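Notes for the one structure printed next.
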Amino acid sequence: MENKERKIKLYLSVVFPLGLGALIWAFYRFPIDKINAGLIALSIVTVFFSSYLRIQLPRTKIHLTVSDALIILSLLIYGGEVAVLLAAFESCFTSLNFRRQGISIKTRTVLLNIAVAALAAWLTTALVRTGFGAAETVAYMESDTSLVAMVIVMALTQFVVNSVCVAIYVSLKSEKTIWQVWNEYCFNALVMYFTGAILAGVVVKALYPINIFLFAVVIGFFAIVYMTYRRYVDDIRETAAKAEQSERERAEQAEKHIEELQRHIAEQDRIGEALRESKERFRHAAFHDSLTDLPNRNSFIEMLKFALEKHKQNPDFNFAVLFLDLNRFKTVNESLGHSIGNNLIQCVGKRLRELIRDDDLLARFGGDEFGVILNNVKDTDDVVSFAQLINYKFSYPFSINGREIFINTSIGISFGSAAYDEAEEVLRDADIAMYYAKDHKKNYEIFNQTMHTRAVTLMQIETDLRYATERREFYAFYQPIIALDTMELNGFETLIRWKHPQRGMIPPSEFIPVAEETGLIVPITYWILEESCREMMRFQRRTPAGKPLFLSVNLSSKHFAHNDLVERIQEITIKTGIAPQTVKLEITESAVMDNPEKAIAMLNRLKQIGLQISIDDFGTGYSSLSYLHRFPIDTLKVDRSFVSTMEDGSENGEIVRTIIALAKTLNLDVVAEGIETIHQLHQLRILGCEYGQGYLFSRPVPLDEAEKICEDRGRWQNVIPNNNPASVAQNREFTHLRIAK
Ligand code: C2E
Ligand code: MG
Ligand code: MG
């Protein structure tokens, strides 16, 4: 940097004195006698206006100015001294003018321009004087050839000195070589010098004969040429500007286009992102339960497929499936409302989630059903402890809206095995085991093949049951009920039988629960009620007046969900003509307790139309003694499990005694079920049980046999040898002591 500056200074220290010398020389030798109007005019035009008369050659860096032409002209007319001074002044004025226009030019550059201009003019003068003599003389006197040669020398000298000096200075300031600078910036100026020199030569020739007319024509000609050229240049510049403008517009257009395209791409990206998000949401919804946000059945099955496949490939990997169902959830939902029900499900989900390990899966299938896949289980105990843990955790209440709710689960367990073809089968078996657990009131149950067979049978029963009514496969069987004091027939309980075309007689315990679950129990009950009422009417007609036969018909809890129950039963009694007072409807305690308010209301209405109500299997259900007085009932039927075991002195005997005492307090009749032995009969008679039913008297029999029983109502009076009240009292005493013991 410093080195560069040093070189520039060195260069200037050479050029400045030379330029100054030229100027001193010009001043010193200035021909004052030559000052005239022409010189003054020429000086003014050269110094002050020539730089304005400048044109740039289109698409080049060449600027044509008349200043050089005028300096050569001044040299030709007035000699070198005038030319040196004019060149210096013109250069000074032009530089300062540039500065005034805002172009930054250092003072030393201005001084350099002046020095170079003076030096170039001086050297030109010196060369011409040496080669041709005084230029002003040659121009006027000598031949045109000498003038041309001289003018060429002038142009060349001016060009060389000016261009070389400038190229050296620029190259010192930049990184470029002198040659590069000269070639790039200065070479083109050659044209300008030649044009200027020729112009000057022509002007001198025109002035020489002092032919004003010719001079005017020449000036006019050049003026026209200049104007035409200027116009031409302006046109070109305008065209170039227009082209540049339209180029710019096109570029702007293209830029706009690109922006629009980018916006479009961004919009596409946004839409893509939104699509991806909504796809993600749909995916989530497809595999999750909306209430608990747990995986749903679909994702459970997917996971299960994966686990099964893994087990098949690696038998050391064992897994288990747990099917969970909340007990009595329906009751919570119906009594406390669906919103609390939903909250409960969410809390159950949370509590279960806390028990699950990271590599296990908990899912909600819907309703109150949940599923768990336990991966990497060691043995059965492992899974059983997990089921027990769930039950333990569920022994604590759930707090919902400030209310404490107790709920527990029935759990079915199945184990992954290579014998399964499909994942759904593993889940199905856990489901079967869960139902088994529920039926047997157990907390959990592990699946076994018997359950499956049973489930298949049940399914078959369900299918066949749908056709049983129309195929007339149901039969009403009748079991006599005996008045224990007189040992006379009191009535019959109707018990349904299903004669299956392939499987023969199917007991009600096998198909009644299925019928209840499928809702088929409703038409079945109406059928058997109508059937037995009709038959009982026939029996009643044959029995003596005052001792009408009673008919007991079992009523399922499902009927309480049907509001038209009372109307339908009334229709049947009217249709068959039976006296409603002789019809007893048997219901279990739990049937009433499922929805006590509704059931009690319905029972009241049934009583209003004259029917009697009997509580069946009393003692096995809720033991809802507190409710009992609210039930509009007439009879209690002691469950046969108490009767069958009362004789071995167990506490069941005490229970039977208590039930009979309770019935008497509430002013209800008592019927003992399942009397099989004479001993049981004796005991019941002693306890004051009024009615009895059991194999000791008769099994449930078909219609024709029932008819025969009807015809011989006192046939059991021989069963008790001493059938008189005194012996009964004696026996009662004895039995009482025995039981008390
Ligand atoms: P349930 O109403 O308690 O009927 C008495 C059951 O005890 C009958 O069984 C009867 O055969 C049986 N039984 C009577 N005496 C004895 C005995 O001395 N020893 C033994 N071991 N059993 C005796 P069944 O006919 O199999 O009916 C079973 C249950 O099915 C009935 O119990 C009742 O709950 C239901 N059921 C029967 N028929 C109908 C019906 O038409 N509708 C409804 N809803 N349920 C019915
Ligand atoms: Mg019954
Ligand atoms: Mg019963």
Side-chain angles (χ1 to χ4, degrees), residues 461 465 468-469 473-482 484 491-499 505-533 535-536 550-562 565 569 572 583-592 594 612-621 633-647 656 659 669-681 684 691-702 705-706 709 716 719:
I461 287 179
L465 206 53
T469 323
E473 290 170 4
F474 290 124
Y475 292 89
F477 270 47
Y478 300 89
Q479 187 174 34
I481 297 172
I482 318 299
L484 297 187
F492 291 97
E493 176 177 4
T494 314
L495 295 157
I496 196 162
R497 295 291 177 264
W498 178 16
K499 198 170 173 192
M505 211 54 105
I506 300 179
S509 54
E510 272 189 35
F511 69 89
I512 293 287
V514 183
E516 284 183 334
E517 208 161 289
T518 52
L520 286 167
I521 190 69
V522 177
I524 290 175
T525 304
Y526 295 140
W527 174 82
I528 199 161
L529 183 67
E530 188 174 335
E531 174 80 9
S532 52
C533 281
E535 298 306 332
M536 198 50 57
F550 283 88
L551 172 70
S552 286
V553 180
N554 294 287
L555 195 67
S556 157
S557 64
K558 304 288 161 192
H559 287 283
F560 295 121
H562 294 80
L565 170 76
I569 291 180
I572 291 170
V583 180
K584 273 189 188 173
L585 297 175
E586 294 191 3
I587 46 161
T588 58
E589 280 175 283
S590 48
V592 184
D594 270 357
Q612 297 204 33
I613 310 293
S614 180
I615 296 285
D616 204 353
D617 306 339
F618 188 76
T620 54
I633 49 174
D634 307 278
T635 310
L636 286 186
K637 287 188 83 171
V638 186
D639 191 70
R640 71 167 184 269
S641 58
F642 304 119
V643 176
S644 63
T645 51
M646 66 188 288
E647 57 200 312
V656 175
I659 294 174
D669 290 342
V670 195
V671 182
E673 292 180 332
I675 308 173
E676 290 184 356
T677 66
I678 196 92
H679 194 73
Q680 288 163 359
L681 171 64
L684 288 164
Y691 303 98
Q693 173 185 359
Y695 294 169
L696 177 66
F697 308 111
S698 165
R699 287 179 176 263
V701 292
E705 280 188 46
I709 293 172
W716 294 288
V719 174

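A quick note: this is a predicted structure, and the numbers were derived from the prediction, not measured. Values below: every heavy atom of this structure, side chains too, minus hydrogens, waters and symmetry copies. Order of appearance sets the numbers: ligands from 1, and atoms from 1 within every ligand.
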**Q.** H559 and V522: CA distance, side-chain angles, deciding distance, side chain to side chain contact (heavy atoms under 4.5 Å, CB included) verdict
**A.** CA-CA 7 Å; H559 287 283; V522 177; 4.1 Å; yes

Q. Which option, E676, E516, Q479, owns the non-hydrogen atom nearest atom 21 (N) of ligand 1?
A.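 It is E676 that holds the nearest heavy atom.
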
Residue, atom name and distance, where the atom is the protein heavy atom closest to [atom]:
| atom | answer |
| --- | --- |
| atom 34 (O) of ligand 1 | N554 OD1, 4.4 Å |
| atom 13 (N) of ligand 1 | Y695 CE2, 3.9 Å |
| atom 38 (N) of ligand 1 | I496 N, 3.1 Å |
| atom 35 (C) of ligand 1 | P508 CB, 4.3 Å |
| atom 6 (C) of ligand 1 | R640 NH1, 3.4 Å |
| atom 11 (O) of ligand 1 | P700 CG, 3.3 Å |
| atom 4 (O) of ligand 1 | L495 CD2, 3.5 Å |

Kindly compute the distance separating [atom1] ([X]) from [atom2] ([Y]), expressed to the nearest 0.5 Å.
| X | Y | atom1 | atom2 | answer |
| --- | --- | --- | --- | --- |
| S556 | E516 | OG | CD | 3.5 Å |
| L520 | L465 | CG | CG | 5.0 Å |
| L585 | I615 | CG | CD1 | 11.0 Å |
| S552 | I481 | OG | CD1 | 4.0 Å |
| L555 | I528 | CG | CD1 | 12.0 Å |
| F550 | M536 | CZ | CE | 11.5 Å |

Q) Do you know which N/O/S atom name in D617 is closest to the Mg ion (ligand 3)? A)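 Within D617, restricted to N, O or S, the Mg ion (ligand 3) is closest to atom OD1.
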
Q: Kindly give the atom name of the N, O or S atom of D616 closest to the Mg ion (ligand 3).
A: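 Result for D616 and the Mg ion (ligand 3): OD1.
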
(Q) Restricting to N, O or S, what is the name of the atom of E493 that lies nearest the Mg ion (ligand 2)? (A)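 Of the nitrogen, oxygen and sulfur atoms in E493, the Mg ion (ligand 2) lies nearest to OE2.
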
(Q) Checking one value in my table: which N/O/S atom of E586 lies closest to the Mg ion (ligand 2)? (A)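 The nearest such atom is OE1.
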
Q) Going by distance only, is there an N or O of S509 that falls short of 3.5 Å from an N or O of ligand 1? A)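 No; every N/O pair is 3.5 Å or more apart.
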
**Q.** Quiz item: cation-pi between K637 and F618, 6.0 Å / 45°
**A.**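 Here K637 fails the 6.0 Å and 45° test against F618.
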
**Q.** Test: R497 cationic atom under 6.0 Å from F477 six-membered ring centre, within 45° of axis
**A.**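 Judged by the rule, R497 and F477 form a cation-pi pair.
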
Region of [X] engaging ligand 1 - heavy atom pairs below 4.0 Å:
| X | value |
| --- | --- |
| I528 | side chain |
| D616 | side chain |
| K637 | neither |
| D617 | side chain |

(Q) Classify the ring geometry of F474 against W527: parallel below 30°, tilted from 30° to 60°, perpendicular beyond 60°. (A)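 Rings of F474 and W527: tilted, as their planes differ by 30° to 60°.
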
Q. Do the ring planes of Y478 and F492 sit parallel (below 30°), tilted (30 to 60°) or perpendicular (above 60°)?
A.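 Correct class here is perpendicular.
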
**Q.** CA sep, side-chain torsions, deciding dist, call: L551, C533, side chain to side chain contact (heavy atoms under 4.5 Å, CB included)
**A.** CA-CA 7 Å; L551 172 70; C533 281; 3.9 Å; yes

Q. Just which atoms of ligand 1 are under 4.0 Å from any heavy atom in G694?
A.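 Once the distances to G694 are compared, the set is 15 (N), 18 (O).
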
(Q) Within ligand 1, which atoms have a heavy atom of E673 less than 4.0 Å away? (A)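 Result: 3 (O).
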
**Q.** Non-hydrogen protein atom less than 4.0 angstrom from atom 32 (O) of ligand 1
**A.**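 No, there is none.
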
Q.
Protein non-hydrogen atoms only, distance under 4.0 Å: does atom 9 (O) of ligand 1 have such a neighbour?
A.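 Within 4.0 Å: no protein heavy atom nearby.
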
[X] near ligand 1, heavy-atom distance under 4.0 Å?
| X | value |
| --- | --- |
| P507 | no |
| R497 | yes |
| T525 | no |
| E493 | yes |

Q | Pair L696-L681, side chain to side chain contact (heavy atoms under 4.5 Å, CB included): steps then yes or no | A | CA-CA 9 Å; L696 177 66; L681 171 64; 3.8 Å; yes

Q. N/O/S of E673 less than 2.8 Å from the Mg ion (ligand 3)?
A.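 For E673, the answer is yes, given that an N, O or S atom comes within less than 2.8 Å of the Mg ion (ligand 3).
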
Q. Quick check: does N554 put an N/O/S atom under 2.8 Å from the Mg ion (ligand 2)?
A.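 Yes.
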
(Q) I'd like to check F642 versus D617 (side-chain heavy atoms, cut-off strictly below 4.5 Å). Are they in contact? (A)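 No. Closest side-chain heavy atoms not under 4.5 Å.
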
